[in-house]
Chemist: 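First the structure, then my questions, so here it is.
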Amino acid sequence: IDPALYVYRFAAHLDLDEKANAVALTALRLVARMKRDWIVAGRRPAGICAAALLIAARAHGFTRKNQDVTKILRVCGLTVSTRVKEFEQTPSARMTLEQFGTMEVESEADPPVFTRNRFREARAKAIQENNHTLLESGALDDPRAGKRGKKWREVKPASDKDKEFDELYESLEQEMRQDADEASASAPAEGTAGEGEEKQGDIEDDDGGGKMSGETSQALQVRDASPATTTSYPAHYPSGNNGRPLILPGQATAEEMQQSTQLAEEKLNLEEWKESMPDSMEKEFDDIFCGEEECKQKEALFNSLNKDYLVQQERKESDRANAEAASKDREVDEAAQVEGRARYLSKNRGRKKKSEMDEPTTEEALLAAVSTRKISRKINYDAMSAIFDDSGGFSTDVVNDVGDDQAGMEAEFI
């Protein structure tokens, strides 16, 4: 729904007096500008309309608060504040009321979600590179968030659940290191060289006192590879829409970049699946799945119980098909009528031009009209013919005679 449809309706409830029309026109221009700046896409129309009316009312000198529009449009105040802040980041927000009404901004602003994601990626990159100067400068704070824009730099205290997980990971890591040390110590001294050649995946411990197997080291490396743990900056690492640590575009692995090999639609062959299952489950399958005869019986039972419903659906389907056929026939008839009228007009166009050249006079037209009808006793045709002169125009002699008669009557009366 276009938010502009609600502007005039709700502008009348803001007590704007004689400036209601001017405020509504400004709000309409604001809605159009928000559309070009990708603020309307994916948003509810009530929030857009509320923000546009609030900005327009303040631009025309009215002191209106968020509560004044949220009470009328029944939207959340945070929604209106967010839309206003998003509009503040567009080039149109830096224009005066007169400039906004006369000038047109050719450029378009980026969508708010796109800009927000770019801020997240910049923060993640700065945290990974340990760029403390950039992180502490405030250049990566989202201006749309207002006071909450710098909250991402604040270190959140670890919860009890996080502490439990940290302790669990540390205990598992110690156990894995002890197992690796015991495995290396139990190996015979004479076979150390041969086993070292076979176990190429083994790596030395950080302390240099033992070795860990390839799987153990891989597990540790996977845990240490988290973007949030590879940096020393205390800020919270940004998270993606899935709640996991954000992965930058250049950090995706080759396996993640590959297209999905799973088919869009797969069908299960029930018979093959049954054969692959053990024989002990055959009876259970027979109880779960219906055979062909049982399916036919259930279908017949369903049709008998829902006979009226099925007949009603068939009637609706037939009515719909008849309505579509009738509409198609109507369209064909209308097209044929339009085509016939066009042919008629093209044929009579030349005749009209000829008839306009031989246009009769007023006397001839009147006499022709009278001649086509029956002669009436109530019409004095001699007097009618005296109205016109020889050229076909109206004669002034009759008017003069009538004037003389009236003057003579007045003289006699005096």
Side-chain angles (χ1 to χ4, degrees), residues 116-117 119-138 140-142 148-262:
R116 193 180 304 119
N117 290 336
F119 273 110
R120 289 181 183 177
E121 292 178 0
R123 294 171 191 168
K125 188 175 181 181
I127 292 175
Q128 290 181 4
E129 295 176 354
N130 288 327
N131 191 346
H132 294 268
T133 305
L134 180 60
L135 291 170
E136 295 173 357
S137 64
L140 300 180
D141 297 345
D142 192 354
R148 300 180 301 165
K150 59 181 181 180
K151 238 181 179 180
W152 65 276
R153 288 185 286 174
E154 300 176 359
V155 181
K156 295 182 179 180
S159 60
D160 296 338
K161 190 175 182 180
D162 294 337
K163 293 178 180 178
E164 292 178 1
F165 277 115
D166 291 339
E167 293 176 359
L168 177 62
Y169 286 139
E170 290 178 0
S171 61
L172 291 175
E173 185 175 351
Q174 291 178 1
E175 291 179 2
M176 295 169 67
R177 290 181 183 276
Q178 290 176 2
D179 294 341
D181 294 339
E182 293 176 359
S184 60
S186 62
E190 61 273 7
T192 304
E195 291 179 357
E197 295 177 357
E198 293 178 358
K199 297 181 180 180
Q200 297 178 358
D202 293 350
I203 58 174
E204 294 185 358
D205 192 1
D206 295 339
D207 300 334
K211 294 184 178 181
M212 293 185 293
S213 62
E215 297 178 356
T216 305
S217 63
Q218 185 178 3
L220 293 177
Q221 288 175 2
V222 169
R223 181 174 177 267
D224 294 339
S226 175
T229 58
T230 54
T231 60
S232 59
Y233 192 76
H236 177 67
Y237 190 86
S239 301
N241 297 329
N242 55 359
R244 299 178 180 178
L246 184 67
I247 298 177
L248 298 178
Q251 293 180 341
T253 61
E255 185 178 359
E256 292 174 345
M257 296 296 292
Q258 290 180 357
Q259 296 182 356
S260 177
T261 57
Q262 185 178 4

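Source: prediction; values computed, not measured. Values below: every heavy atom of this structure, side chains too, minus hydrogens, waters and symmetry copies.
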Chemist: Who are the side chain to side chain contact (heavy atoms under 4.5 Å, CB included) partners of S171, not counting sequence neighbours?
Modeler: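 Result, side chain to side chain contact (heavy atoms under 4.5 Å, CB included) vs S171: L168.
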
Chemist: Run the side-chain hydrogen bond (donor to acceptor under 3.5 Å, both in side chains) test against D162 and tell me which residues pass, sequence neighbours left out.
Modeler: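 D162 satisfies side-chain hydrogen bond (donor to acceptor under 3.5 Å, both in side chains) with S159 only.
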
Chemist: Should the pair E121-K125 be classified as a salt bridge under the 4.0 Å nitrogen-to-oxygen rule?
Modeler: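 Result for this pair is no, no salt bridge flagged.
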
Chemist: Suppose we screen for side chain to side chain contact (heavy atoms under 4.5 Å, CB included). Which residues come up paired with A126, at least two apart in sequence or across chains?
Modeler: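 Applying side chain to side chain contact (heavy atoms under 4.5 Å, CB included) to A126 gives N131, L134, L135, L140.
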
Chemist: In sequence, state the C-alpha distance, the side-chain angles, and the governing distance for E173 and R177, and then conclude on salt bridge (charged side-chain N to carboxylate O under 4.0 Å, His left out).
Modeler: CA-CA 6 Å; E173 185 175 351; R177 290 181 183 276; 3.1 Å; yes

Chemist: Mind checking side chain to side chain contact (heavy atoms under 4.5 Å, CB included) for E164 and listing every partner two or more places apart, or none if nothing turns up?
Modeler: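 With neighbours one apart ignored, the set is empty.
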
